[in-house]
Amino acid sequence: MRLDKYLADRGIGTRSEVKEIVRKGRVSVNGTVVKDSGAAVSEADSVSVDGKALGGIAELTKKHWFMLNKPAGTVSANSDERDATVIDIFGKEGLKGLFTVGRLDKDTEGLLLVCDDGEMSHYLLSPSRSVEKTYFARVDGLLATDAAERLSNGIEFKDFVSRPAKLEILSEDTDNNTCEVLVTVCEGRFHEVKRLIAAIGGNVTYLKRIAFGPLKLDAELKPGEYRTLTDEEIRALKAAVGKE
Ligand code: URA
């Protein structure tokens with residue numbers, strides 16, 4: 001990689017600004033001042049600006065993966081004119097090119113993966129890989145005894161037939177006509193869980209994603225908090241899409 005691209009990618013400045021920084025002799029490669037912006041730097045090189053070492057190329061090309069407990073009220077987008085986005089939450093990371101792996105509705109909370117790995121994100125969302133997502137829902141209405149069977153058979157909507165989904169009723173409050181359920185789906189359609197529950201006679205009043213493939217929402221994360229995925233978690237995601 002060219003030295004000026006390396007420095008610009010690290011956020012040192014625009015391509016023309018870093019050329020000027022290099023020209024002034026402020027940049028060293030392996031301890032030697034380099035004034036040629038086009039000089040090639042490789043994984044093994046140690047680059048510093050004004051004596052301050054920057055991470056190696058390996059660090060630069062490494063993908064970044066985060067688990068966010070999405071708070072209600074934020075939109076799963078890179079930018080939005082009206083609402084706060086989940087990507088705004090990552091501002092202090094100073095990383096370019098972060099995006100969400102799929103979307104959650106504005107009022108949905110819970111596990112949302114955020115990364116800069118387009119290839120893996122594509123695999124995780126691909127309908128052919130059928131990665132399961134589990135949601136906890138509070139529902140207005142009591143669900144019929146055949147509700148789980150109807151979801152597992154697939155529901156016919158105007159525009160599609162849902163893939164088999166799993167339903168587990170956690171509790172029922174007959175006085176208030178409400179229940180709490182877990183729903184597991186393996187596709188990612190718009191308002192999917194809310195539409196499935198509506199089709200079996202309920203109305204979702206609260207929705208939280210608690211699992212995405214092999215990953216469970218970290219109970220330590222409060223809404224709005226996030227953490228980096230561990231290497232083991234990234235390996236588990238890769239295994240889930242057959243990309244070990
Ligand atoms: N299904 C929904 O209805 N909403 C979400 O945010 C996610 C799944």
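Just so we're clear, the structure is a prediction, and the values are computed from it rather than from any experiment. In listed order, ligands and their atoms are each counted from 1.
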query: Do you know the tightest heavy-atom contact between Glu233 and Met67?
result: OE2-CE, 4.2 Å
- prompt: Is the backbone N or O of Arg150 less than 3.5 Å from a side-chain atom of Asn153, with the two atoms forming a donor-acceptor pair by type?
  reply: no
message: I'd like to know if the side chain of Lys19 reaches the main chain of Gly38, judged simply by a donor and an acceptor atom lying under 3.5 Å from each other, with no hydrogens or angles considered.
response: no
query: Do you know which two heavy atoms are closest between Lys70 and Asp105, and how far apart they sit?
result: NZ-O, 3.1 Å
- prompt: For atom 1 (N) of ligand 1, which protein heavy atom lies nearest, and how many Å away is it?
  reply: Val193 N, 3.0 Å
query: Any N or O on Arg189 sitting closer than 3.5 Å to an N or O of ligand 1?
result: no
- request: Between Leu207 and ligand 1, find which residue part has any heavy-atom pair under 4.0 Å and reply side chain, backbone, both or neither.
  value: side chain
Report, one line per pair, each donor and acceptor closer than 3.5 Å where one atom sits in a side chain of residues 196-208; sequence neighbours left out.
residue: Thr205; atom: OG1; partner: Arg138; partner atom: O; Å: 3.2
residue: Tyr206; atom: OH; partner: Glu109; partner atom: OE1; Å: 2.8

- prompt: Should Arg103 be counted as touching ligand 1, given the test is an N or O pair under 3.5 Å?
  reply: no
Where ligand 1 meets Thr108 - atom numbers and elements under 4.0 angstrom, heavy-atom basis: 4 (N), 5 (C), 6 (O)
message: Could you check whether any heavy atom of Tyr135 sits closer than 4.0 Å to an atom of ligand 1, since that is the contact criterion I want to use?
response: yes
Partner set under salt bridge (Lys or Arg N to Asp or Glu O under 4.0 Å) for Asp146, not counting sequence neighbours: none
statement: atom 4 (N) of ligand 1: closest protein heavy atom, distance to 0.1 Å, is Asp105 OD2, 2.7 Å
